[in-house]
Amino acid sequence: MNLPVHNKQPEDECGACLAGDRREFLRDAAALVASALVGLGLSPERAHALQLQTIIPLRTSGEEVTYPIPAGDGAVIDKDRDLILARQRTAVYAFSLACPHQRTALKWLGDQGRFQCPKHKSKYRPDGSYISGRATRSMDRFAIRRDGSNAVVNLSKLFREDRDRAAWGTAVVWLGEK
Ligand code: FES
């Protein structure tokens with residue numbers, strides 16, 4: 001009977017065993033995470049889409065906070081200030097993280113390119129404008145201005161669309177043609 005021939009030295013085989021063990025461990029861990037997410041009613045892909053990446057300010061001065069302008073479309077969160085910084089093509093916005101309905105933390109659905117409230121499912125466009133759901137206004141916007149390659153947000157000026165539509169409408173940094 002011919003037995004399979006292995007050209008590996010014993011230590012190579014041991015390394016292969018360790019690599020195999022690690023692959024198995026990672027596979028088991030991934031399966032565990034996936035089943036936990038399914039238990040929460042989320043697919044792993046969906047849960048990933050709900051995550052907002054964090055952003056750290058470059059500096060703060062009084063009520064003003066300076067952030068680098070995001071390189072591409074999407075949204076990031078400053079958890080310390082409950083603030084979302086979002087870019088859509090040539091427009092940059094700073095939103096309150098709180099849903100206008102009952103102040104639940106909003107989520108960014110990267111795969112759909114919009115915001116959504118996890119509590120009552122109100123939906124908002126990337127510019128914060130209201131689409132549907134229990135909320136009765138768009139996401140609240142902070143005053144924002146451009147400083148070179150940065151965006152400066154004034155935390156003392158938060159505009160509600162239903163109370164100050166003009167200020168809400170101009171709370172945006174334009175990087176180029178609209
Ligand atoms: S708290 Fe967001 S829709 Fe109700």
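First listed ligand is number 1; within each ligand, the first listed atom is number 1.
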| task | Check each of Asn154, Leu85, Val153, Val65 against Phe142 using the side-chain contact (heavy atoms from CB on, under 4.5 Å) test, and report the only one that passes. | result |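 Among Asn154, Leu85, Val153, Val65, the one that satisfies the side-chain contact (heavy atoms from CB on, under 4.5 Å) with Phe142 is Val153.
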
| field | Polar protein atoms (N, O or S) that approach atom 2 (Fe) of ligand 1 to under 2.8 Å | value |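 Short answer, with waters excluded from the count: Cys99 SG, Cys117 SG.
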
| Any donor-acceptor pair under 3.5 Å linking the side chain of Asp73 with the backbone of Arg89? |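 The answer is yes, because a donor-acceptor pair under 3.5 Å joins these two groups.
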
| Is the side chain of Arg134 donor-acceptor paired with the backbone N or O of His120 at a distance under 3.5 Å, no angle test? |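 No, because the side chain of Arg134 does not come within donor-acceptor range (under 3.5 Å) of the backbone of His120.
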
| request: Determine, step by step, whether Asp127 and Arg141 satisfy the side-chain contact (heavy atoms from CB on, under 4.5 Å) criterion, reporting the C-alpha distance in whole Å, the side-chain angles of both residues, the deciding distance to 0.1 Å, and the verdict. | output: CA-CA 9 Å; Asp127 67 353; Arg141 289 182 181 175; 3.7 Å; yes

| message | Can you tell me if Arg146 has over 12 outside heavy atoms packed within less than 6.0 Å of its CZ? | response |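 More than 12 within 6.0 Å, yes.
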
| field | Glu161 and Ser138: side chain donor to acceptor below 3.5 Å | value |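 Yes, Ser138 and Glu161 have a side-chain donor paired with an acceptor closer than 3.5 Å.
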
